[in-house]
Peer 1: 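One structure follows; several queries about it will come next.
Within every chain, numbering begins at 1; the chains are lettered A, B, ... in the order of the sequence lines, protein sequences first and strands thereafter.
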2 protein chains.
Amino acid sequence: MLKLSKKADYGLLAVNHLTLYRSQGSVSARDIGKTYRIPVGLLAKVLQRLVQKGLLKSEHGANGGYRLAKPAEFISALDVISAIDGPVVITSCKTERGECVQTPACTVKEPLRRVNDRIVEALSSLSFAHINNPTFRLAAN
Amino acid sequence: MLKLSKKADYGLLAVNHLTLYRSQGSVSARDIGKTYRIPVGLLAKVLQRLVQKGLLKSEHGANGGYRLAKPAEFISALDVISAIDGPVVITSCKTERGECVQTPACTVKEPLRRVNDRIVEALSSLSFAHINNPTFRLAAN
DNA sequence: GAATATAGGACTGGAGAGGTCGCATATGCT
DNA sequence: AGCATATGCGACCTCTCCAGTCCTATATTC
Ligand code: SF4
Ligand code: SF4
């Protein structure tokens, strides 16, 4: 249905929160969850995934939490989304269960691939430094 | 998961088929289904939806089938996708069951809306006349 | 009237999204 | 030491929605 998963959405929200409050050190999943009314357990797993992918760093124990692993300019919406949902591909040409049976005769695969490229480009050109700039514009727009 | 539904995919394939063979009059769902190995019953309903939305015209009875309702230049990928899957919106800010509880505090809604705009633009600039031109390029690229 | 087509609704199975829980582990505070 | 608070991680559950089937009604051709 061409919709972002809620987990990816939560991820974007969380990373943006960490960007906004990066001067205050680590923030716990609990705090972020309360701020945006995100189920804490679920958010925790999203954040853990982002740590695995190297976008965030975590600190255990009391006063622990998460913080950005690198400057906000170098973290894009695409990074977050693909870390959580996997690679951004709008078609189902090939899945883990083999490739789509229409593939051999398919006439729209290439055009859709190009659309996909544009989406990827739009998402990767959107960094979190960018998002919080009130006058931001997407690249090539 | 930011993926096109299979129905929309089938719709694109079918409309493109009708574009390629538009000189030969109507084509039945059965024929299209066999060409691309699409379940005929499902394809039929997809095509019916496209008729309802005014993208195709249908003819009942033997030798009947579907044909484009207008020139291929005036039918875009967005037309087909939104006819089948509904409006293209990558977020779940508002659904039929009210609006997302994060909305009041959400800091990524606007940026995502802009990404959405770019996707819509890419899809609407992709007409079927365009798709079948071997040297096509997406607009603003 | 037989064959072939669309129109459209009801229904089903299964995958996956969204969310919960419990337990292990690490850290800070008193 | 002991407790509270964190993350890390896997198992599990529920519910929605996609994909696909089926059946019936209607329209058209031959
Ligand atoms: S139909 Fe064509 S585009 Fe759609 S998934 Fe199969 S191959 Fe990819
Ligand atoms: S979280 Fe923000 S962006 Fe995501 S759906 Fe709710 S409002 Fe829209």
Side-chain angles (χ1 to χ4, degrees), chain A residues 1-11 13-14 18 25-34 36-53 55-67 69 81 84-86 90-92 95-98 100-102, chain B residues 1-11 13-14 18 25-34 36-53 55-67 69 81 84-86 90-92 95-98 100-102:
Chain A
M1 257 270 284
L2 213 44
K3 211 156 248 169
L4 227 53
S5 80
K6 214 64 181 126
K7 288 184 197 175
D9 204 3
Y10 293 159
L13 222 31
L18 293 176
S26 297
V27 184
S28 69
R30 190 175 154 84
D31 285 352
I32 300 177
K34 288 206 169 179
Y36 303 99
R37 304 179 59 186
I38 301 172
V40 178
L42 183 54
L43 177 60
K45 280 203 301 202
V46 167
L47 292 168
Q48 284 161 26
R49 191 86 62 95
L50 295 174
V51 170
Q52 288 174 350
K53 299 288 180 176
L55 301 176
L56 302 181
K57 288 194 175 173
S58 63
E59 279 152 24
H60 283 228
N63 294 328
Y66 301 87
R67 57 188 170 83
I81 292 170
I84 298 168
D85 279 349
I90 62 173
T91 56
S92 309
T95 71
E96 47 286 353
R97 279 182 293 284
C100 144
V101 300
Q102 288 85 26
Chain B
M1 254 271 283
L2 214 42
K3 212 157 247 169
L4 227 53
S5 80
K6 214 60 181 131
K7 286 183 198 176
D9 205 3
Y10 294 158
L13 221 31
L18 294 176
S26 297
V27 184
S28 70
R30 189 177 155 83
D31 285 351
I32 300 177
K34 288 205 168 179
Y36 303 99
R37 304 179 59 188
I38 301 172
V40 178
L42 184 53
L43 178 60
K45 279 203 300 205
V46 167
L47 292 168
Q48 284 161 26
R49 191 87 61 96
L50 294 174
V51 170
Q52 289 174 350
K53 299 289 179 176
L55 301 177
L56 302 181
K57 288 193 175 174
S58 63
E59 280 152 23
H60 283 229
N63 294 327
Y66 301 89
R67 58 190 168 82
I81 293 169
I84 299 168
D85 279 349
I90 62 174
T91 56
S92 309
T95 73
E96 47 286 355
R97 279 182 293 284
C100 145
V101 300
Q102 287 85 26

Peer 1: Can you tell me how far CG of A:Asp9 sits from CG of A:Leu4, rounded to the nearest 0.5 angstrom?
Peer 2: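 If I round to the nearest 0.5 Å, the distance is 6.0 Å.
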
Peer 1: Which distance, rounded to the nearest 0.5 Å, do you find between the CZ of B:Arg67 and the CD of B:Glu59?
Peer 2: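 If I round to the nearest 0.5 Å, the distance is 4.5 Å.
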
Peer 1: Tell me the interatomic distance from B:Leu43, atom CG, to C:dT6, atom C1', rounded to whole angstroms.
Peer 2: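 These atoms are roughly 12 Å apart.
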
Peer 1: Expressed in angstrom and rounded to an integer, what is the separation of A:Lys53 atom NZ from D:dG8 atom C1'?
Peer 2: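 For the pair A:Lys53 NZ and D:dG8 C1', the rounded distance is 16 Å.
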
Peer 1: Can you tell me how far C1' of D:dT7 sits from CZ of A:Arg67, to the nearest Å?
Peer 2: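 Atom CZ in A:Arg67 sits about 14 Å away from atom C1' in D:dT7.
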
Peer 1: For residues A:Leu42 and A:Tyr10, report the shortest heavy-atom separation together with the two atoms involved.
Peer 2: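 Residues A:Leu42 and A:Tyr10, closest heavy atoms: CD2-CE1, 3.8 Å.
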
Peer 1: Is there a side-chain contact between A:Ser26 and the phosphate of D:dA6, meaning an N or O under 4.0 Å from OP1 or OP2?
Peer 2: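 Answer no for this pair, as no side-chain N or O of A:Ser26 is under 4.0 Å from OP1 or OP2.
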
Peer 1: Nearest of C:dA7, D:dA4, D:dT7 to any side-chain atom of A:Ser28?
Peer 2: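 Nearest nucleotide to the side chain: D:dT7.
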
Peer 1: In sequence, state the C-alpha distance, the side-chain angles, and the governing distance for B:Asp31 and B:Lys34, and then conclude on salt bridge (charged side-chain N to carboxylate O under 4.0 Å, His left out).
Peer 2: CA-CA 5 Å; B:Asp31 285 351; B:Lys34 288 205 168 179; over 6 Å; no

Peer 1: Measure CD/A:Glu59 against C1'/C:dA26 and give the value in whole Å, please.
Peer 2: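 Value for this atom pair: 12 Å.
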
Peer 1: From the set C:dT6, C:dT4, D:dA4, return the single nucleotide nearest to any side-chain atom of B:Ala62.
Peer 2: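 Ranking C:dT6, C:dT4, D:dA4 by closest atom to the B:Ala62 side chain puts C:dT4 first.
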
Peer 1: For D:dG10, does either OP1 or OP2 sit under 4.0 Å from a side-chain N or O belonging to A:Gln48?
Peer 2: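 No, no such contact exists.
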
Peer 1: Send over the distance from A:Lys3 NZ to D:dC17 C1', rounded to a whole Å.
Peer 2: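 Checked: the NZ to C1' distance equals 12 Å.
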
Peer 1: Heavy atoms only: give me the nearest A:Ala14-A:Leu47 pair and the separation to one decimal.
Peer 2: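 Result for this residue pair: CB-CD2, 3.8 Å.
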
Peer 1: Check A:Gly33 against A:Val40 and note the closest heavy-atom contact, atom names and distance.
Peer 2: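 Closest approach of A:Gly33 to A:Val40: CA-CG2, 4.4 Å.
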
Peer 1: State the CG-OH distance between A:Leu13 and A:Tyr36, to the nearest 0.5 angstrom.
Peer 2: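 Between A:Leu13 CG and A:Tyr36 OH, I get 5.5 Å after rounding to 0.5 Å.
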
Peer 1: Could you state the CG-P distance from A:Asp31 to D:dA6, rounded to the nearest angstrom?
Peer 2: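 Whole-Å distance recorded here is 7 Å.
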
Peer 1: Whole angstroms only, please: what is the CZ-P distance between A:Arg49 and D:dT7?
Peer 2: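 Whole-Å distance recorded here is 17 Å.
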
Peer 1: If I compare all heavy atoms of A:Lys57 with all of A:Val51, which pair ends up nearest, and what's the gap?
Peer 2: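 Result for this residue pair: C-CG2, 4.4 Å.
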
Peer 1: With the criterion being N/O to N/O and under 3.5 Å, what pairs connect the protein with nucleotides 12-19 of chain C, and how long is each?
Peer 2:
from	atom 1	to	atom 2	distance (Å)
C:dG16	OP1	A:Arg97	NH2	3.1
C:dG18	OP1	A:Lys6	N	2.8
C:dG18	OP2	A:Lys6	N	3.1
C:dG19	OP2	A:Tyr10	OH	3.0

Peer 1: Taking all non-hydrogen atoms of both residues into account, name the closest pair between B:Cys100 and B:Gln102 and its distance.
Peer 2: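 Closest approach of B:Cys100 to B:Gln102, heavy atoms only: SG-OE1, 2.9 Å.
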
Peer 1: Send over the distance from B:His60 NE2 to D:dA27 C1', rounded to a whole Å.
Peer 2: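 Those two atoms, NE2 and C1', are 6 Å apart.
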
Peer 1: Quick one: bend of the helix from C:dG1-D:dC30 to C:dT30-D:dA1 from 5 pairs per end, to 10°?
Peer 2: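 For the helix from C:dG1-D:dC30 to C:dT30-D:dA1, the axes at opposite ends meet at about 10°.
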
